[in-house]
Amino acid sequence: MIRARVLIRPKAGILDPQGEAVERALPALGFTGAANVHIGRLVELDVEDPQQLEPMCEKLLANPLIEDYEVQLLDAGS
Amino acid sequence: MIRARVLIRPKAGILDPQGEAVERALPALGFTGAANVHIGRLVELDVEDPQQLEPMCEKLLANPLIEDYEVQLLDAGS
Amino acid sequence: MKFGVLQFPGSCDEVDALQAARHVGDAELIWYGDKDLKGADAIIVPGGFSYGDYLRAGAIARFSPAMESVVAFANGGGLVLGICNGFQVLCEAHLLPGALLPNANRRFTSRQVQLEVIRADSRFTCACAGGQRLSIPAKHSWGRYYASEQTLDEMERAGQLVLRYAPGENFNGSLRDIAGVCNEAGNVFGLMPHPEHAVDELTGSTDGLAIFESMRLALKDSRV
Amino acid sequence: MSSATLPSLQDALALGLTHAEYELICEKHGGPPNRLELAMYSLLWSEHCAYKHSKKLLRTLPTEGPTVVMGPGENAGVVDVGGGLVCAFKVESHNHPSAVEPFQGAATGVGGILRDIFALGARPIAVLNSLRFGEPSSERSRYLLDHAVSGIGHYGNSIGVPTVGGEVYFEGPYEQNCLVNAMALGLCAREQIVRSAASGVGNLVVLFGARTGRDGIGGASVLASAEFGEADEDKRPTVQVGDPFEESKLLECSLELVAAGLLVCLQDLGAAGLTSSAAEMASKGGVGLDLHVDRVPLREADMEPFEVMVSESQERMLCVVEPKNVPMVLELCEKWEVNASAIGQVTDSGRIRVFQAERLIGDMPVVALVDECPLYDLEPAKPQRQLYAPSRPTLERGASLARTLLALIGSPNLASRRPLFEQYDSIVQSRTVARPGQADAAVLKLADGGALAVSIDGNGRRVAADPYWGTVAVVLECAANLACVGAQPLGATNNLNFGNPEKPHIAWQLTEAVRGLGDACRALQTPIVGGNVSLYNEAAQGGPIYPTPVIGMVGRMPDASRACGLGFRREGDAIALAGEFKPSLAASELAKLLGEELPDGLPEIEIDLVAVSLLAVREAVRSGELSSAHDIAEGGLAVALSECCLAGGVGARVTVPAAEPLSALFGEAAGGFVLSGPADVLERLGTSTNLRVIGEVGGQTLQIEHSDGLLECSLEQMMQASGSLGELFP
Ligand SMILES: Nc1ncnc2c1ncn2[C@@H]1O[C@H](COP(=O)(O)OP(=O)(O)O)[C@@H](O)[C@H]1O
Ligand SMILES: [Mg+2]
């Protein structure tokens with residue numbers, strides 16, 4: 001088994017209200033100078049066959065119309 | 001500005017209903033052999049002071065009671 | 001005529017859709033695990049939270065056996081109506097263009113909204129007058145309709161933009177105030193507001209009946 | 001029996017038992033219990049499960065009446081609604097989990113109360129909630145509110161049960177102890193009700209639903225064996241996370257199992273998990289149970305037996321099944337993708353016996369677990385001085401009446417609740433005739449053309465001023481809400497949220513409140529069929545919460561289409577002030593804005609007279625001749641009038657001749673109504689209750705002529721003021 005990580009982000013240019021809300025909230029908590037905040041999804045899983053990750057993302061984990069994804073292979077699974 | 005990434009995951013032992021639902025769905029789509037699926041959140045942002053990331057996670061980005069977080073510093077910001 | 005209403009684990013509004021459809025015809029539930037559409041003349045993919053809306057609304061439900069049959073049914077010209085979560089499922093299944101994103105107001109929002117009928121000649125709105133206003137409730141957290149500008153232009157030209165939110169009513173941030181769209185062939189239609197919850201004056205309004213009635217009329221015409 | 005050494009008295013104390021209780025347990029158990037057994041005793045002998053400080057009081061409540069099918073003692077109360085249908089309903093608190101993690105705490109509160117309803121075989125048709133937080137000026141209170149509301153919405157919306165009503169108040173004494181109470185009601189055919197008593201020696205015990213994890217193990221974790229060590233992060237007791245998707249499958253699956261007649265009994269797993277479900281099931285049926293912890297599907301492999309037995313993992317149910325039906329039960333569970341496993345058997349031993357890998361690791365008499373916890377007498381004493389500090393003033397004394405009205409309309413306790421209830425699906429299931437904000441009670445239509453009406457109410461500040469009359473007023477308000485839509489009460493449920501009952505002044509609040517609850521319900525002939533008690537809501541700093549009895553009431557009306565809304569509807573309609581209304585500023589919302597001390601006592605209420613006006617209003621609404629009906633509550637007559645204007649989008653002109661305009665306009669009391677309709681209809685109604693026509697619907701302003709002049713506010717001004725809660729949901 002191989003541990004894998006998939007980072008899924010909203011595509012550039014698509015409004016990201018969650019990211020904007022976080023960006024707006026930060027200064028009030030005393031955190032200044034944060035910018036370009038974006039919020040996405042993190043999927044981590046063990047797979048037998050890392051080749052399956054790409055089609056898995058295309059078909060299920062991400063929606064390529066609105067999201068970009070990036071697959072990272074970590075060490076051998078837990 | 002430094003680009004940073006925060007990976008936020010359900011704490012070990014805390015129920016992760018999303019991960020469970022995805023794990024259950026995968027075999028029906030022809031993806032066998034996936035296990036330990038967990039779903040979390042991905043926050044990416046530019047910060048001036050990377051020291052602020054930790055308290056930012058504690059106060060706003062993550063819910064430390066039920067989530068773990070991991071801060072990664074990427075290259076200089078976009 | 002007979003409607004088939006899909007039922008997924010986590011569907012919420014399937015019985016409401018069933019009852020609403022029965023105002024204009026027969027209707028029966030179809031279990032997501034069954035491929036048999038039970039001879040339905042039209043399919044409704046109902047609202048709710050199929051698979052808990054986990055991952056992305058509609059993402060998992062799209063792969064069910066019943067949905068496979070619905071895709072074939074739609075490709076053969078069958079009438080398919082997707083309401084709210086059903087709309088999301090139809091987009092995920094690529095039966096409709098575009099996608100639904102989290103509301104711009106970031107919250108689940110439940111509100112009676114005013115809709116404008118852009119196309120009164122579609123198979124889902126032919127019982128309406130052009131420009132007519134419909135008062136129908138909306139309730140969702142993933143209702144922001146998105147497609148690329150180019151796709152939207154094409155859809156507009158092809159007459160696929162069927163319903164829009166009246167000025168001031170678009171709380172979810174849908175591009176071009178889009179509330180409901182159909183596919184190019186005009187036989188698949190999805191909308192975020194819930195016409196099945198607008199079929200009785202006592203519980204709010206009867207404006208939603210027009211959608212079901214339109215489907216009945218469209219089917220009747222196609223049979224002549 | 002257990003390899004580890006036996007736990008000590010110290011362990012028992014750490015688990016919340018007293019020295020005497022521990023000794024009693026040893027006596028009843030026949031020797032000191034082992035770790036697993038002590039964990040189970042400590043939970044079943046806790047206040048939460050044993051009601052040791054409240055049971056004697058609860059026995060004084062009226063629980064019987066012609067409508068009652070099932071009173072307190074089962075998972076929920078059940079009343080007959082006619083036509084072969086019954087309604088199951090209950091309110092329950094999830095205060096502490098919500099203070100720790102408001103989103104999950106509130107979400108699992110909803111999930112828990114829903115399970116109590118479908119454990120009876122009833123389909124949940126609505127949920128309501130009652131919330132209390134500190135002042136919204138506090139960041140923590142805003143956080144709790146925002147997340148609790150999201151959590152309630154998340155669970156109810158996802159599971160397809162409409163959230164049709166509720167209430168929320170902000171008061172300093174809740175700053176450290178917020179209250180999150182959830183109420184649910186369900187419908188079922190009378191003969192379908194399932195009970196929770198286990199029976200039939202040799203029948204199997206089946207656990208179904210989510211897998212068991214270390215959720216909510218809480219205090220019991222002191223029993224974790226030494227090798228885990230305190231530093232071991234992963235073994236810490238964890239927050240309960242709700243999964244409404246799992247529960248929606250569990251709900252459909254449970255109802256199908258019941259409809260197929262496959263279950264001997266059914267019970268949800270709530271507080272104290274498997275321990276309390278199994279023990280209560282056995283106790284009610286007078287049987288024993290053998291349970292095998294190693295057959296419980298786990299989320300984490302390395303759980304200790306006591307953890308399995310006390311885990312509060314959500315979305316689980318326990319049932320008893322005849323052996324021949326087990327395959328069908330498992331098959332149905334599989335259809336719904338719900339885990340199920342037979343984990344034990346019904347025995348005639350009268351004992352709960354716990355096995356691990358066929359080895360007996362715990363063995364307790366059911367009676368000792370469930371029935372032998374001592375019940376305590378309270379030692380009430382009225383406090384010598386006021387327990388609660390006055391609120392900080394937010395309105396200056398002598399402000400104009402118009403300014404006062406706008407300040408009240410915009411105050412957190414009275415402002416429009418739209419920003420909250422818009423986050424709830426209130427219409428799924430297609431029964432909702434009156435949505436939140438449209439009428440005083442939620443109205444849910446039934447197949448016969450009639451409807452159920454439901455309301456939930458509480459007013460901690462007034463109960464703090466006078467536990468007896470304050471509680472009476474809450475019950476009357478709940479009934480008034482039902483009357484305004486034309487419904488007659490069928491039954492009530494209650495949640496007693498109080499501080500530490502071992503303190504005499506809290507004991508006094510509790511005793512007086514329960515006396516008021518009983519008296520008011522008796523006068524209205526409304527039996528109490530269930531409820532919940534939440535004690536020890538007290539912070540080291542900040543003291544006890546306001547004593548907060550929350551009442552939920554369900555009523556019946558013959559014709560859903562005649563339910564009145566609260567909003568004025570027609571220009572030219574006459575407006576009447578009806579009922580036995582004797583307003584007073586004592587402990588009122590205005591007194592709070594002015595920063596006044598809480599008074600010692602409230603004016604007495606003539607309950608029987610109020611009952612007469614409730615009846616008159618209800619009958620008038622049922623006649624279908626009124627345009628609107630609204631009871632006068634917080635903020636008094638002027639605020640009620642403004643609410644009628646805002647809900648209807650139309651103004652009004654009224655005259656209120658009274659010597660003291662302040663108390664006539666803003667004073668509060670039980671029993672007052674603002675009605676609108678044709679003048680002759682209102683005048684006729686005046687023969688059956690106290691009634692005065694005070695003005696007319698029309699225009700775009702609210703004008704109140706009083707003895708000192710004219711109060712005038714535009715709809716626009718009032719709308720803006722009432723929108724103040726929007727800011728709390730950024
Ligand atoms: N304040 C109360 N008034 C009337 N009945 C109550 C009250 N509090 C608890 N009860 C009854 O006591 C029984 C046990 O309550 P509880 O432990 O909350 O049940 P459950 O474990 O099913 O949630 C229930 O039947 C409940 O209705
Ligand atoms: Mg219960």
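In what follows, every chain begins at residue 1, and chains take the letters A, B, ... in the order their sequences are listed.
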Interatomic spacing from CG in C:Leu101 to CD in A:Glu67 - rounded to 0.5 Å
8.0 Å
Would you give the length of the straight line joining atom CD of C:Glu92 to atom CG of A:Leu65, rounded to the nearest 0.5 angstrom?
9.0 Å
So, for C:Ala59 and A:Leu60, which heavy atoms are closest and what is the spacing to 0.1 Å?
O-CD1, 3.7 Å
Does any heavy atom of chain C fall under 4.5 Å from the side chain of A:Ile8, the backbone, both, or neither of them?
neither
Under a 4.5 Å heavy-atom cut-off, does chain C meet the side chain of A:Lys59, its backbone, both or neither?
both
Has C:Glu154 got more than 12 heavy atoms of other residues, nucleotides or ligands less than 6.0 Å from its CD?
yes
Please flag which part of C:Leu175 lies under 4.5 Å from any non-hydrogen atom of chain A: side chain, backbone, both or neither.
neither
In terms of heavy-atom pairs under 4.5 Å with chain A, which of C:Arg144, C:Arg56, C:Arg62 leads?
C:Arg56
Atom pair CD1/OH of A:Ile14 and C:Tyr146 - distance to nearest 0.5 Å:
3.5 Å
Shortest non-hydrogen separation from A:Pro17 to C:Ala104 and the atoms involved
CB-O, 3.6 Å
Other residues, nucleotides, ligands: >12 heavy atoms within 6.0 Å of C:Lys38 NZ
yes
Non-hydrogen atoms of chain C under 4.5 Å away: do they reach the side chain of A:Glu20, the backbone, both or neither?
neither
Proximal component of C:Asn105, with respect to chain A [non-hydrogen, under 4.5 Å]:
neither
